[in-house]
Student: 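Handing you this structure, nothing more for now.
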Amino acid sequence: MRLRWQDSMILGVPEMDASHRHLFHLLDAVALAVDARMLEAAQISVGEFLDAAFLHLAGEEALFDRVAGQHDGARHVATHNEARRTFKRLHSAICDNSDLNEAPFWTV
């Protein structure tokens, strides 16, 4: 399974678009390692993705705080919290279960 960035995903905020593109690249590396059943590479890749994703989400939330009133930050933060839970499940599936012969949780 490949994850491809598409220009239709561009928001028009260069820093955010670059960060989103980078996150897609990191998540694609996770998917490639899982597809290849390369556990150690998948574990490293998912750790790199989580570090970047959590940093990105925190940065976006700080931006929401600065532009209060111009954006529904509370709703967006709720979406971020759901993303954090999903990312943690991904990490657990790869790093805690340590069995890439099982179908990944997102395909079940």
Student: Output the distance between atom CE (M38) and atom CD1 (I44), rounded to the nearest 0.5 Å.
Tutor: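 It comes to 9.0 Å.
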Student: Would you please classify the geometry between the H56 ring and the H80 ring as parallel, tilted or perpendicular, with 30° and 60° separating the classes?
Tutor: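 Ring orientation, 0 to 90° scale: tilted.
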Student: Rounded to the nearest 0.5 Å, how far does CG of L27 lie from CZ of F24?
Tutor: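 Reported to 0.5 Å precision, the distance equals 7.5 Å.
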Student: Hey, what do you get for CG (L50) to CG (L55), rounding to the nearest 0.5 Å?
Tutor: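 Between L50 CG and L55 CG, I get 12.0 Å after rounding to 0.5 Å.
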Student: Has the side chain of T86 got a donor or acceptor atom that lies under 3.5 Å from a matching backbone atom of E82?
Tutor: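 Yes.
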Student: Going only through I, L, V, M, F, W and Y residues with side-chain contacts under 4.5 Å, is there a path from L32 to L3?
Tutor: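 They do not share one cluster, since no chain of ILVMFWY contacts under 4.5 Å joins L32 to L3.
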Student: Please round to the nearest 0.5 Å and tell me the distance separating atom CG of D7 and atom CZ of R21.
Tutor: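 Separation between the atoms: 7.0 Å.
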Student: Output the distance between atom CZ (R89) and atom CG (D96), rounded to the nearest 0.5 Å.
Tutor: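 R89 atom CZ to D96 atom CG measures 13.5 Å (nearest 0.5 Å).
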Student: List the atom of C95, the atom of V46, and the distance in Å for their closest heavy-atom pair.
Tutor: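 So the minimum-distance heavy-atom pair works out to SG-CG1, 3.6 Å.
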Student: Please evaluate residues W5 and L23 with respect to the criterion side-chain contact (heavy atoms from CB on, under 4.5 Å), reporting the C-alpha separation (whole Å), side-chain torsions for both, the decisive distance (0.1 Å), and the verdict.
Tutor: CA-CA 10 Å; W5 175 263; L23 290 172; over 6 Å; no
Student: Quick check: closest heavy atoms across L26 and A52, and the distance to 0.1 Å?
Tutor: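 Nearest pair, atom of L26 first, then A52: CD1-CB, 3.5 Å.
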Student: Quick check for you: to the nearest 0.5 Å, what is the distance between R84 atom CZ and L57 atom CG?
Tutor: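 Rounded to the nearest 0.5 Å, the CZ-CG separation comes out at 4.5 Å.
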Student: Which atom pair, heavy atoms only, marks the closest approach of E60 to H20?
Tutor: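 The answer is OE2-NE2, 3.1 Å.
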